[in-house]
Number of protein chains: 2
Amino acid sequence: MGFLDEVPRLDRLIERLESSEGLDDLQIVIEELRDGYSIDHMLYHWVNSNGDQYGCGTYPLDWVNRYVEKGYLRVDPVIIGCFQRFHPVDWKRLDWSGKAARAFMQDAINHGIGNQGYSIPIRGPNGQFAHFTLSHNCSDEDWQEFTTKNRRDLILIAHSFNQKALDFQPGRTPEPSQSLSPREIEAMTLLAIGYSRAQAADTLSISEHTLRVYVESARHKLGALNTTHAVARALNRGLIVI
Amino acid sequence: MGFLDEVPRLDRLIERLESSEGLDDLQIVIEELRDGYSIDHMLYHWVNSNGDQYGCGTYPLDWVNRYVEKGYLRVDPVIIGCFQRFHPVDWKRLDWSGKAARAFMQDAINHGIGNQGYSIPIRGPNGQFAHFTLSHNCSDEDWQEFTTKNRRDLILIAHSFNQKALDFQPGRTPEPSQSLSPREIEAMTLLAIGYSRAQAADTLSISEHTLRVYVESARHKLGALNTTHAVARALNRGLIVI
DNA sequence: ATCCTACTCCCCAAAAACTGCGAGGGGGCG
DNA sequence: CGCCCCCTCGCAGTTTTTGGGGAGTAGGAT
């Protein structure tokens with residue numbers, strides 16, 4: 001039975017997923033999911049804000065190692081594309097125009113990754129990001145049919161999988177950082193959108209000295225080395241939004 | 001037939017949702033969804049980065065107006081809670097301890113919002129955020145049963161609804177920006193993690209002058225007013241990750 | 001083959017940010 | 001009531017960043 005005919009029962013898959021009891025178990029689950037859909041590969045890949053990664057899936061081990069060693073995280077169009085997208089995306093719709101991207105794809109195919117792929121971005125607070133990816137070797141038409149048919153189920157599986165993975169790795173959700181006071185938030189937000197200290201102070205109708213106090217205070221709370229760093233951290237932690 | 005017995009067919013709901021053809025249509029769809037589940041209220045609520053809001057749902061109009069006027073966005077535990085959470089959440093698990101939060105809840109109930117609620121956070125790139133919320137008036141046990149039974153379907157509906165809402169409001173998704181060169185990315189990343197220009201230049205083993213060229217170049221590409229702004233934009237657009 | 005982009009280096013003066021200090025009023029919470 | 005946090009304002013000297021300029025090499029794209 002080919003991967004186009006196979007339509008596993010969603011509730012059974014989800015039940016199996018939700019009954020998993022640890023990270024090792026998730027590895028088994030994802031292999032079962034892969035087999036259930038009769039495709040080549042399935043992957044859950046978490047990317048931490050600082051570039052740390054956690055993954056589990058059916059990609060060949062040497063490819064995973066190569067990926068990490070080569071720093072492909074910064075090249076991989078799947079990561080880049082998913083990161084700035086809302087919705088699941090077929091790999092064909094990603095940007096493969098760069099030289100590095102094409103070299104990466106060739107390298108991936110050489111390591112047994114399929115020519116087709118479908119990736120579902122998953123997000124959490126503070127820019128936390130993961131993606132759930134399927135890969136296979138087949139024609140464009142077949143892949144189109146497969147993804148169209150299974151899209152909904154896959155979205156649900158992706159989110160359930162992410163939930164489970166998070167449950168088992170509580171450390172990945174950073175402790176909520178010290179929050180900023182309303183004035184500090186306003187000050188940092190204005191700086192983040194390009195205002196100089198003088199402009200920001202003017203906008204808030206306070207003296208520049210006062211504004212500086214806020215920025216300093218925020219900087220200390222955030223453990224930042226300078227204003228730019230503080231703004232970056234505040235953005236990263238979702239304390240301010242621009 | 002009560003809301004506990006009613007289990008609408010998911011595929012029909014999604015089909016109806018995906019066949020919608022505009023924002024007005026979505027309003028009708030969400031009313032149909034609400035009726036389909038036989039609950040009091042259903043709401044899709046988008047919160048823009050700058051505090052702008054877009055919503056559609058079955059909340060009473062005077063409550064919606066009051067919500068906007070009173071600036072409840074900054075008080076609403078549903079917003080605050082969903083914003084820092086990964087997964088769907090029952091309103092009972094939110095933090096209602098603050099004085100403002102309790103006053104808000106009382107006000108909401110007075111305006112016909114149910115005592116029970118379930119909210120699904122939805123996220124996009126750049127901290128974009130929405131939530132899909134159900135509300136009803138019933139006992140804790142009944143609500144527990146309802147949410148447990150329909151959780152999966154609701155997650156899928158929430159994401160599909162968000163996708164549709166985005167399709168109809170293309171302005172909400174910012175156009176992808178010009179990408180940065182590798183050196184520019186390195187430079188901006190180092191600045192974003194707190195390095196001074198001198199330190200960053202040293203780290204990259206280039207002169208500070210050269211580093212400045214990168215930063216300037218990145219700033220121009222990003223249309224940023226200064227370095228801090230450029231770093232903020234680069235982070236926001238996912239061009240750099242810290 | 002040619003053009004364009006990325007990468008590297010240099011100068012200089014003005015503007016802005018950083019560091020660290022001190023000080024008082026208001027509000028919430030135990 | 002006292003404590004702590006938030007908001008507001010001030011001074012001053014040092015360091016850093018920020019505006020533009022120009023100029024050469026190398027490699028990829030058309």
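Just so it is clear, the structure is predicted and the values come from calculations on it, not from any experiment.
Not counting sequence neighbours, B/Asp202 has no partner by the side chain to side chain contact (heavy atoms under 4.5 Å, CB included) test. Every residue two or more places apart in sequence or in another chain that forms a side chain to side chain contact (heavy atoms under 4.5 Å, CB included) with A/Asn115 is listed here: A/Asn137.
Results of the ring-ring contact (aromatic ring centres under 6.0 Å, His included) test with B/His111 over B/Tyr59, B/Trp63, B/Phe104 single out B/Trp63 as the only residue that passes.
Ring geometry for B/Tyr67 versus B/His45: interplanar angle over 60°, hence perpendicular rather than tilted (30 to 60°).
As a whole-Å value, the separation of B/Ile185 CD1 from C/dA6 P is 11 Å.
The phosphate of D/dC5 (OP1 or OP2) has no side-chain N or O of A/Lys221 nearer than 4.0 angstrom.
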| request: Going 5' to 3' through nucleotides 7-21 of chain C, assign each nucleotide B (protein heavy atom under 4.0 Å from a base atom), S (under 4.0 Å only from sugar-phosphate atoms) or - (no protein heavy atom that close). | output: SBBBBB----BBBB-
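Taken to the nearest 0.5 Å, the OH atom of B/Tyr54 stands 10.0 Å off from the CG atom of B/Leu166.
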